[in-house]
Visitor: 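This is the structure, below, for whatever I ask next.
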2 protein chains.
Amino acid sequence: MSARATTRPGGRSARVQQSVHQAVRDLEAEVGRDALTVPLIAARAGVTPSTVYRRWGDLRELLSDVAVERLRPDAPPADHGSLRADLEAWTVQFAEEMSSTAGRTYIRDALLGDPGQGNAGRCSDYAAEQLKAIGVRAAGRGEAVPELETLLDVVVAPLMYRILFRPSELSQAYAGRLVAAALGRAGSPSDT
Amino acid sequence: MSARATTRPGGRSARVQQSVHQAVRDLEAEVGRDALTVPLIAARAGVTPSTVYRRWGDLRELLSDVAVERLRPDAPPADHGSLRADLEAWTVQFAEEMSSTAGRTYIRDALLGDPGQGNAGRCSDYAAEQLKAIGVRAAGRGEAVPELETLLDVVVAPLMYRILFRPSELSQAYAGRLVAAALGRAGSPSDT
DNA sequence: CCGGCAGACGCAATTTCTTCGCATTAGACT
DNA sequence: AGTCTAATGCGAAGAAATTGCGTCTGCCGG
């Protein structure tokens, strides 16, 4: 499932998916996430509930798809002139977005309704792409760049762990320390 | 919510909670987790569905409570004679348990139905307690012991990140590298 | 030891959600 | 243009969620 790239961009399936996703976003803002139901979303989207059940299986999977869309970065990471500055800026922004009430909800939704783990993997891929872009740019400047896996282990994973399991232990200073730790070491615990 | 320590151990509320939890565990083994419903659980537990809804709110919160119970370590970490050996053994066992199909399901359930983030925090506390016990024992031997926060950042967080977001990237060798990384550094990115 | 009190539970009706079969339609392909 | 596949709409039947009300359990003061 996880309806994606169905027929063509102009086809009916694509229109239905768009209007359903849009209905989820609209209703989430209007009535709150906890009040969302499949019949409610279907009515707003102008389709019948059975269509939603057939395409997405249940409400959780639909919310998971929408959440992943919202977690997709909308722009490449900003260029601040150095690897350290780029990493710090990206990390702080990432931490702020993900630790917000909305961000945590999206992460949890993305993780929850996810039979094949596809959506969760996509979340990680988004972060990896951004970090890779920062790394390529830094390499172009001649800077030494940590392994991508190292950054995921040392920066992203601790952030996400706190966001999910220890939301009170997260601060901007902590995010900064993670970046410092990542840049302070050349090798990597994960050189797979 | 999150019914806990209601009246007395012998009270009726406690009996209801126990029988409901037991019903969840039994039915999970018999019919599979995806087939669980509140009416089904209530019938097995010998209570009415409305009781379950009133005490736990919905199925997700009930499953969250049961999942946290299952994630609670049943014994202190084994003693292998040295900090490194204890850490490696604990980490490998932790990774195996948590990355199994059942373990991932419990983690996801614990995270999902968790309004106040109380259950997620408890999961982290369990790991922290085990690590602390290993640390205290090592300190008693005169070994230098990393900060607890460092272990959470360097060992637990990367493991959990892979379990949740990149399940295919997890191996026993990776768990070993994480321990090596944790013991190879004295300081900490998180000396809060 | 007895009676009152607060909270939890059982019961049952109502509302809402979920599932399914069947007919119809949109879009693709020749 | 004609046909073929797949997705959608519709409606009914079944299951689950929610709620009000009466009852009972277990606790506490008299």
Side-chain angles (χ1 to χ4, degrees), chain A residues 1-24 26-28 30-66 69 109 112-116, chain B residues 1-24 26-28 30-66 109 112-115:
Chain A
M1 308 314 147
S2 266
R4 178 166 336 286
T6 329
T7 49
R8 297 282 177 84
R12 182 165 71 161
S13 295
R15 279 200 309 274
V16 167
Q17 168 164 348
Q18 280 193 334
S19 67
V20 169
H21 277 212
Q22 190 61 45
V24 171
D26 292 348
L27 289 170
E28 200 168 349
E30 289 177 26
V31 302
R33 183 196 166 287
D34 292 338
L36 293 182
T37 66
V38 170
L40 187 67
I41 293 166
R44 168 65 66 103
V47 301
T48 61
S50 58
T51 295
V52 175
Y53 286 116
R54 269 191 282 254
R55 291 258 305 230
W56 283 276
D58 61 9
L59 178 62
R60 279 170 29 186
E61 289 185 40
L62 171 57
L63 291 182
S64 180
D65 277 0
V66 174
E69 294 278 328
D109 283 343
L112 277 171
D114 194 7
Chain B
M1 317 316 153
S2 267
R4 179 166 336 285
T6 329
T7 50
R8 296 280 180 83
R12 183 167 66 161
S13 295
R15 281 200 307 275
V16 168
Q17 169 164 346
Q18 280 193 333
S19 67
V20 169
H21 275 212
Q22 190 60 45
V24 170
D26 291 348
L27 288 170
E28 200 168 349
E30 291 178 24
V31 302
R33 183 198 166 282
D34 292 338
L36 294 182
T37 67
V38 170
L40 188 67
I41 293 165
R44 169 65 67 103
V47 300
T48 63
S50 58
T51 294
V52 175
Y53 287 119
R54 268 191 276 257
R55 290 258 305 229
W56 283 276
D58 61 8
L59 178 62
R60 280 169 27 187
E61 289 185 41
L62 171 57
L63 291 182
S64 181
D65 277 0
V66 175
D109 282 343
L112 276 171
D114 193 5

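Here the structure is a predicted model, which means the values were calculated and not measured. Lettering of chains follows the sequences in order, A, B, ..., and the numbering in each one begins at 1.
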Visitor: Quick one: CG on Leu59(A) to CG on Leu36(A), what's the gap to the nearest 0.5 Å?
Guide: 6.5 Å
Visitor: Let me know the distance between CG of Leu59(A) and P of dT19(C), rounded to the nearest Å.
Guide: 12 Å
Visitor: Hey, which of Arg55(B), His21(B), Arg60(B), Gln17(B) is the one that makes side-chain contact (heavy atoms from CB on, under 4.5 Å) with Asp65(B)?
Guide: His21(B)
Visitor: Measuring from atom CG of Asp109(B) to atom CZ of Arg33(B), what distance do you get when rounded to the nearest 0.5 angstrom?
Guide: 4.0 Å
Visitor: Which pair of non-hydrogen atoms, one from Ala42(A) and one from Val52(A), has the smallest distance, and what is that distance?
Guide: CB-CG2, 4.1 Å
Visitor: Nearest heavy-atom pair of Val31(A) and Leu40(A): which atoms, and what distance?
Guide: CG2-CD2, 4.3 Å
Visitor: So, taking the atom named CD in Glu28(A) and the one named CG in Asp34(A), what distance separates them when rounded to the nearest 0.5 Å?
Guide: 9.5 Å
Visitor: To the nearest Å, give me how far apart CH2 (Trp56(A)) and C1' (dT8(D)) are.
Guide: 12 Å
Visitor: Would a 4.5 Å heavy-atom cut-off, applied to side chains only, mark Trp56(B) and Val20(B) as touching?
Guide: yes
Visitor: How close or far is atom P of dT19(C) from atom CG of Asp58(A), stated in whole angstroms?
Guide: 8 Å
Visitor: State, to 0.1 Å, how close Ser64(A) and Asp114(A) come at their nearest heavy-atom pair, and which atoms those are.
Guide: OG-CB, 4.3 Å
Visitor: Protein-nucleotides 9-11 of chain D N/O pairs closer than 3.5 Å?
Guide:
from, atom 1, to, atom 2, distance (Å)
dG9(D), OP2, Thr48(A), N, 3.2
dG9(D), OP2, Thr48(A), OG1, 3.4
dG9(D), OP2, Thr51(A), OG1, 2.5
dG9(D), N7, Arg54(A), NH2, 3.1
dG9(D), O6, Arg54(A), NH2, 3.1
dC10(D), N4, Ser50(A), OG, 3.1

Visitor: Quick one, which residues of residues 32-42 of chain A touch DNA chain D with a heavy atom under 4.0 Å?
Guide: none
Visitor: Separation of Arg15(B) atom CZ from dT25(D) atom P, in whole Å?
Guide: 10 Å
